[in-house]
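Report on one structure; see the data block that follows.
Order of appearance sets the numbers: ligands from 1, and atoms from 1 within every ligand. Worth saying up front: this structure is predicted, and the values here are computed from it rather than measured. Along the sequence shown, residues are numbered consecutively beginning with 1.
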Amino acid sequence: MSEMLSIAVQKSGRLSEKSLDIIRQCGIDFGTDSRVLREVADNFPLEFLFVRDDDIPRYVSDGIADIGIVGRNEYDETGLELEVVRDLKFASCRLSIAVPASFDYKGLRSLEGKRIATSYPRILRSVLDKAGVSAELVVVSGSVEITVQIGVADAIADLVSTGTTLRMNGLVEAECIYRSSAVMIARPDMAEEKKRTLYRLMERIDAVMMARKKKYILFNLPKDRLDEAALIIGGMKSPTVTPLMDPGWLSVQSAVDEERFWSVFESLREIGAEGILVMNIEKMTE
Ligand code: ATP
Ligand code: ZN
């Protein structure tokens, strides 16, 4: 059996670049320009299969590919039971009910007996069923946002990331019913050799994702403020501290959560930190 793992990636669309970015950041090299149907990485047993995103869950299920990167929405909509190995946190979007401005929306109950256009009938149906609402689903494969204007539907359930498309079509986002982002899916019955490759890949992906959440900061600090700095940075076992030529000063370095970065930065300024240097972290382990 081969250790070569095949991964299905969207050929072109919202997921393509970021899917390849994360793999590239794992130190896996491959030709970038052609995106031929199949392509093998130069320095890792990984083979790419570039396809339409809708087909990815089925290809993984059928064993055409071992793993795939696809929107959680597409995966859930198929109803297939594969392993969701990781949430990759990019291509975030929500499935929302949108209605024309004239529609007096008061929750899912308002949809009772209405016609709702969507490309995600399975997800929508399960949400409506849970709420005890019965509605007629109008299944369309694209341009869901025009169905109200052309008189096919009373409301829609569609993917939204900013809401601009909805507004341009005279619709208002009424309620988010489901959240999605890109996930890594895998077939459950993979041979041991491939599982080992997947494990190696996931270890690298975890390191890349962890690094994306952190910044590395380095600064000079008056010696007597070190305890305060350690408190501000928090969370870590300890910052790394190095003496400087000037005996009154230290050089301090540490990783900091991206989301806390600005508050940490400002607090460090307040206790006299100077020459603050901020760097992206490429990879990181716990
Ligand atoms: P393909 O040609 O491969 O079938 P597509 O047009 O169906 O592509 P894209 O529009 O590239 O698919 O979207 C892929 C995924 O990106 C969606 O399934 C969803 O998970 C995610 N996504 C993020 N933001 C949005 C958005 N605003 N609208 C639609 N999808 C979004
Ligand atoms: Zn698609």
Side-chain angles (χ1 to χ4, degrees), residues 6-24 30 32-39 47-62 64-65 67-99 116-127 137-149 153 155-186 205 209 212:
S6 61
I7 181 169
V9 173
Q10 188 186 26
K11 185 175 172 69
S12 94
R14 288 186 159 95
L15 302 172
S16 312
E17 278 317 310
K18 286 186 171 149
S19 302
L20 295 181
D21 278 352
I22 206 165
I23 292 167
R24 215 173 273 125
F30 48 90
T32 44
D33 37 5
S34 56
R35 242 179 255 177
V36 288
L37 176 62
R38 279 178 193 274
E39 181 163 330
E47 178 187 37
F48 297 87
L49 192 65
F50 295 108
V51 292
R52 286 198 53 191
D53 69 337
D54 313 52
D55 298 328
I56 292 175
R58 195 164 36 82
Y59 284 161
V60 172
S61 166
D62 291 349
I64 309 288
I67 60 175
I69 298 179
V70 69
R72 189 183 285 276
N73 52 301
E74 289 294 338
Y75 166 63
D76 279 345
E77 186 56 31
T78 62
L80 292 169
E81 301 217 353
L82 303 167
E83 271 179 52
V84 176
V85 190
R86 285 293 182 285
D87 185 336
L88 300 174
K89 314 268 186 204
F90 64 82
S92 303
C93 57
R94 52 195 189 270
L95 186 66
S96 284
I97 301 290
V99 295
I116 315 170
T118 190
S119 306
Y120 297 95
R122 176 187 287 265
I123 298 173
L124 176 59
R125 186 62 82 193
S126 96
V127 171
L137 304 197
V138 179
V139 183
V140 291
S141 60
S143 301
V144 184
E145 65 286 348
I146 66 164
T147 54
V148 173
Q149 276 172 327
I156 68 168
D158 201 12
L159 291 180
V160 187
S161 48
T162 61
T164 320
T165 316
L166 291 181
R167 280 192 294 280
M168 276 165 37
N169 286 278
L171 298 169
V172 265
E173 186 174 358
E175 184 172 356
C176 163
I177 57 169
Y178 173 92
R179 288 187 186 281
S180 176
S181 51
V183 291
M184 169 87 80
I185 52 174
I205 285 183
M209 285 181 58
R212 284 181 178 181

>> Under a 3.5 Å cutoff, is there a donor and acceptor pairing between the side chains of Ser96 and Glu173?
In response: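 Indeed, the side chains of Ser96 and Glu173 share at least one donor-acceptor pair under 3.5 Å.
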
Side-chain contact test, heavy atoms from C-beta onward, threshold under 4.5 Å: evaluate it for [X] versus [Y] and give yes or no.
X: Leu20; Y: Phe48; result: yes
X: Ser61; Y: Glu81; result: no
X: Val144; Y: Ser119; result: yes
X: Ile56; Y: Ile69; result: no
X: Val172; Y: Leu166; result: no
X: Phe90; Y: Asp21; result: no

Give the atom numbers and elements of ligand 1 that come within less than 4.0 Å of a heavy atom of [X].
X: Glu74; value: 18 (O)
X: Gly71; value: 20 (O)
X: Gly13; value: 11 (O)
X: Asp54; value: 4 (O), 7 (O)

> What part of Gln10 sits under 4.0 Å from ligand 1 if we count only heavy atoms: the side chain, the backbone, both or neither?
Replying inline: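 Under 4.0 Å from ligand 1, Gln10 contributes side-chain atoms alone.
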
> Would you find a donor on one side and an acceptor on the other, under 3.5 Å apart, between the side chain of Tyr120 and the backbone of Leu159?
Replying inline: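 Not confirmed, Tyr120 side chain does not pair with Leu159 backbone.
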
> With respect to atom 31 (C) of ligand 1, which of Arg14, Lys11, Arg52, Glu77 exhibits the smallest heavy-atom separation?
Replying inline: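 Result: the heavy atom closest to atom 31 (C) of ligand 1 is in Arg14.
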
>> Looking at the Zn ion (ligand 2), is there an N, O or S atom belonging to Glu74 that lies under 2.8 Å away from it?
In response: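 So Glu74 does not bind the Zn ion (ligand 2) by this criterion.
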
[atom]: nearest protein contact (heavy atom, Å):
atom: atom 30 (N) of ligand 1; value: Leu159 CD1, 3.4 Å
atom: atom 19 (C) of ligand 1; value: Asn73 OD1, 3.6 Å
atom: atom 15 (C) of ligand 1; value: Leu15 CG, 3.9 Å
atom: atom 1 (P) of ligand 1; value: Asp53 OD1, 3.4 Å
atom: atom 24 (N) of ligand 1; value: Cys93 CB, 3.5 Å

>> To 10 degrees, how wide is the angle OD1 (Asp54) to the Zn ion (ligand 2) to OD1 (Asp53)?
In response: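 OD1 of Asp54 and OD1 of Asp53 make an angle of 70° at the Zn ion (ligand 2), to the nearest 10°.
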
>> Would Ser161 count as a polar contact of ligand 1, with the cut-off being nitrogen or oxygen pairs under 3.5 Å?
In response: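 In this structure, Ser161 places an N or O atom under 3.5 Å from an N or O of ligand 1.
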
>> My understanding is that only one of Asp76, Val127, Ile123 makes a side chain to side chain contact (heavy atoms under 4.5 Å, CB included) with Leu95; could you say which?
In response: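 That would be Ile123.
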
>> Testing Cys93, Ser180, Ser92 one by one against Arg72 for a side chain to side chain contact (heavy atoms under 4.5 Å, CB included), which residue passes?
In response: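 Single pass found, and it is Ser180.
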
> Hey, is atom 10 (O) of ligand 1 touched by any protein heavy atom at less than 4.0 Å?
Replying inline: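 Yes; the ligand atom in question has protein heavy-atom contact below 4.0 Å.
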
